[in-house]
Amino acid sequence: APRYPRYTREEVGRHRSPQDRVWVTHGTDVFDVTDFVELHPGGADKILLAAGGALEPFWALYAVHSQPHVLELLREYKVGELSPEEAPPAAAATGDPFTGDPPRHPGLRVNSQKPFNAEPPAELLAERFLTPNELFFTRNHLPVPAVDPGSYRLRVEGPGGRALSLSLPELRSRFPKHEVTATLQCAGNRRAEMSQVRPVKGLPWDIGAISTARWGGARLRDVLLHAGFEEQREGEWHVCFEGLDADAGGAPYGASIPYGRAVSPAADVLLAYEMNGEELPRDHGFPVRVVVPGVVGARSVKWLRRVAVSPAESPSHWQQNDYKGFSPCVDWDTVDYKTAPAIQELPVQSAITHPRPGAAVPAGELTVKGYAWSGGGRPVVRVDVSLDGGRTWRVARLAGEQPPPERAWAWVLWELRAPVAAGAELEIVCKAVDGSYNVQPDSHAPIWNLRGVLSNAWHRVRVSVRD
Ligand code: HEM
Ligand code: MTE
Ligand code: MO
């Protein structure tokens, strides 16, 4: 057998582009696949996502690779082996509160490591209607709590109901399992574009702080009615949620929704314990999270420890002093968080996932792809696409089935094919229309706000067409 040179993972990691050569590992073997990149049936953009690291986490998402001929092909590109000392890095015991965080998929685009905030790469974001759990965007404010499912209890309480303390088996067995396909979007999705108008405070999310899953769990409504809360209540009431993640001062992550949404059978609010048929991953709230379809992600509290019916909104920082919208004239010296309502239902949104900004696309037929979604269960009824910066428009083809009226909780994926001529410079634009004929604003400047939330202007991508 041939003797191969040995490399460390760090050395492999230096080969991430055709200029530096494209290396990948599989098992303990190292491959230089630079010459295969342009031949890859799944596209050059996708193979490059794995450049410099292990193939397995990506191949786990695409079963086409688990065929003998794929490994055979790969073998031709072998250039080395990993050094025997290259064991998976051991989690050292330190004072770092984040050392207990779970492992993550290497394909995620990380906006902040501690706390962990990451989005799927645009190349994979809208490949599938349901986002694989490993790639679902993650928005954590704090370290991921370690929860023992055996001793886990969910408290439910408040005036007008009896207090409950539910174990995981009780939550699963006492209430029918309800399943909902819903998109979650962070209020900060597409913040990076808004910050180009003027700097804003917050993580620089690209277009990927949005993902879709099939959630399974007990309806919040069923749990509240079981605790004796009435369907109709006089006056203003809210349902407050607390997570098991807490800041250094002991304050838990929290948020609330109006009582009416919590008990409405049509609103489909879940206490979810399943995500795409699996138990909830730790990053997404194991063992139980709230899922509030059609509403900003911030209200879908993860690692849920307490549900409290209250005459006031959640006292949490994230309900009171964050996740609100303001005029472009408001700055950090003048902002008064008490003057604006907490964001609940989100406005209509869309983005182009393919091609990517700056790409050089081949002449001939161009396929433009993306997602579109609106809050409050409003369906997306149309997506318009322009290839000339918004002067002329075409209508994209929407994929998938028509959702039930007023319960369009999930995004639609869309596609447009159009001929493009060699040498052309294109400014591709998309904008969606929802069932209330709400539209997206054409630019970010008039909706700029100091926190960079609700960034939903037309999405623009400039590309050139190769000669
Ligand atoms: C398809 C090889 C990396 C995504 C394929 C096929 C081969 C292949 C041979 C065709 C399989 C068949 O239809 O029989 C490789 C090799 C890789 C690599 C050698 C690394 C050295 C990746 C990565 C991704 C990916 C990192 C995703 C992030 C895909 C997809 C297809 C595909 C989506 C299906 C294309 C289609 O049917 O339209 N790959 N692949 N591949 N690959 Fe890869
Ligand atoms: N719940 C808890 N307990 N802690 C958090 O940091 N982040 C919220 C929400 N629920 C958060 C939370 C925000 S801002 C968003 S956008 C969603 O969770 C993200 O859910 P995901 O990480 O599963 O995508
Ligand atoms: Mo968020």
Side-chain angles (χ1 to χ4, degrees), residues 22-26 31-37 39-51 53-78 105-107 115-121 123-124 127-128 131-133 135-145 183-189 191 202-203 205 208-213 215 241-247 252-255 272 275 280-286 288-292 295-305 316 318 322-323 343 346 453:
V22 177
W23 287 17
V24 293
T25 66
H26 188 264
F31 306 89
D32 178 343
V33 294
T34 315
D35 298 332
F36 180 69
V37 168
L39 307 174
H40 178 227
D45 57 340
K46 290 204 183 56
I47 200 168
L48 288 174
L49 293 169
L55 282 173
E56 287 90 336
F58 295 92
W59 281 8
L61 298 169
Y62 293 97
V64 296
H65 301 100
S66 45
Q67 311 180 65
H69 77 94
V70 178
L71 275 180
E72 241 162 72
L73 182 156
L74 186 62
R75 212 172 298 138
E76 290 173 34
Y77 298 97
K78 181 164 171 178
H105 196 281
F116 190 71
N117 286 284
E119 59 190 292
E123 291 82 352
L124 302 182
E127 281 286 294
R128 298 184 190 174
T131 316
N133 289 358
L135 290 181
F136 201 97
F137 87 96
T138 299
R139 202 299 175 230
N140 294 344
H141 292 81
L142 297 159
V144 176
T183 294
L184 287 188
Q185 181 181 210
C186 184
N189 190 30
R191 178 181 283 133
L203 297 163
W205 295 107
I210 183 168
S211 298
T212 300
W215 308 96
F241 309 118
E242 278 177 18
L244 285 157
D245 49 339
D247 67 19
Y253 183 88
M275 181 175 181
L280 276 184
R282 287 190 60 210
D283 264 330
H284 301 292
F286 178 81
V288 178
R289 80 174 300 166
V290 184
V291 173
V292 191
V295 161
V296 66
R299 313 300 168 216
S300 290
V301 174
K302 306 191 274 190
W303 314 292
L304 185 66
R305 73 170 190 196
S316 157
W318 292 280
D322 202 354
Y323 296 113
I343 301 168
L346 283 171
V453 293

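Just so you know, ligand 1 is whichever comes first in the structure, and atom 1 is the first atom listed for that ligand. Here the structure is a predicted model, which means the values were calculated and not measured.
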List the closest protein heavy-atom neighbour of [atom]: residue, atom name, distance to the nearest 0.1 Å.
atom: atom 24 (O) of ligand 2; answer: Phe137 O, 2.6 Å
atom: atom 19 (C) of ligand 2; answer: Arg139 CB, 3.7 Å
atom: atom 8 (C) of ligand 2; answer: Tyr253 OH, 3.6 Å
atom: atom 12 (C) of ligand 1; answer: Gln67 NE2, 3.6 Å
atom: atom 17 (C) of ligand 2; answer: Gly297 O, 3.4 Å
atom: atom 1 (N) of ligand 2; answer: Lys302 N, 2.9 Å

Heavy atoms, side chains only, cut-off 4.5 Å: are [X] and [Y] in contact?
X: Ser300; Y: Val292; answer: yes
X: His65; Y: Leu55; answer: no
X: Val37; Y: Leu48; answer: yes
X: Leu74; Y: Leu71; answer: yes

Under 4.0 Å from a heavy atom of [X]: which atoms of ligand 2 are those, numbered in the order shown and with their elements?
X: Arg289; result: 17 (C), 18 (O), 20 (O), 21 (P), 23 (O)
X: Val301; result: 1 (N), 3 (N), 10 (N)
X: Asp245; result: 2 (C), 3 (N), 4 (N), 5 (C), 6 (O)
X: Phe136; result: 24 (O)
X: Asn140; result: 6 (O)
X: His141; result: 5 (C), 6 (O), 7 (N), 11 (C), 14 (S)
X: His284; result: 21 (P), 22 (O), 23 (O), 24 (O)
X: Ser300; result: 9 (C), 10 (N), 18 (O)

Under 4.0 Å, heavy atoms only, figure out whether ligand 1 is touched by the backbone of [X], its side chain, both or neither.
X: Leu55; result: side chain
X: His69; result: side chain
X: Phe36; result: side chain

Original post:
So Phe36 and Tyr77, would you call those rings parallel, tilted or perpendicular, with 30° and 60° as cut-offs?
Top reply: tilted
Original post:
So His26 and Trp59, would you call those rings parallel, tilted or perpendicular, with 30° and 60° as cut-offs?
Top reply: tilted
Taking a cutoff of less than 4.0 Å between a non-hydrogen atom of the residue and any ligand atom, is [X] in contact with ligand 2?
X: Leu142; value: no
X: Trp318; value: no
X: Gln185; value: no

**OP:** Might you check, step by step, whether the distance between atom 41 (N) of ligand 1 and some protein heavy atom is under 4.0 Å?
**Re:** yes
For ligand 2, find out whether one of its N or O atoms is nearer than 3.5 Å to an N or O atom of [X].
X: Trp303; result: no
X: Tyr323; result: no
X: Gly243; result: no

Quick one: does [X]'s side chain have a donor or acceptor within less than 3.5 Å of a partner on [Y]'s backbone?
X: Thr212; Y: Thr131; value: no
X: Trp318; Y: Arg299; value: no
X: Asn133; Y: Met275; value: yes
X: Lys302; Y: Asp283; value: yes
X: Asn117; Y: Asn140; value: yes
X: Ser316; Y: Gly254; value: yes
X: Lys46; Y: Phe58; value: no
X: Tyr253; Y: Ala298; value: yes

Original post:
Please walk me through it: do Val144 and Phe286 pass side chain to side chain contact (heavy atoms under 4.5 Å, CB included)?
Top reply: CA-CA 9 Å; Val144 176; Phe286 178 81; over 6 Å; no
Subject >> Intermediate values then yes/no, side chain to side chain contact (heavy atoms under 4.5 Å, CB included), His105 and Leu135 >> reply: CA-CA 7 Å; His105 196 281; Leu135 290 181; 3.9 Å; yes
Where do [X] and [Y] come nearest, in terms of heavy atoms and distance?
X: Ile210; Y: Phe137; answer: N-CD2, 3.5 Å
X: Asn189; Y: Trp205; answer: CA-CB, 4.2 Å
X: Tyr323; Y: Ala187; answer: CD2-CB, 3.6 Å

At a 4.0 Å threshold, what atoms of ligand 1 neighbour a non-hydrogen atom of [X]?
X: Val33; value: 21 (C)
X: Leu74; value: 21 (C)
X: Ala50; value: 26 (C)

Original post:
For atom 16 (S) of ligand 2, which candidate among Ala255, Ala187, Cys186 provides the closest heavy atom?
Top reply: Cys186
Original post:
For atom 43 (Fe) of ligand 1, how many protein N, O or S atoms lie at less than 2.8 Å?
Top reply: 2
Original post:
Within 45° of the ring axis of Tyr62 and under 6.0 Å from its six-membered ring centre, is that where the NZ or CZ of Arg128 lies?
Top reply: yes
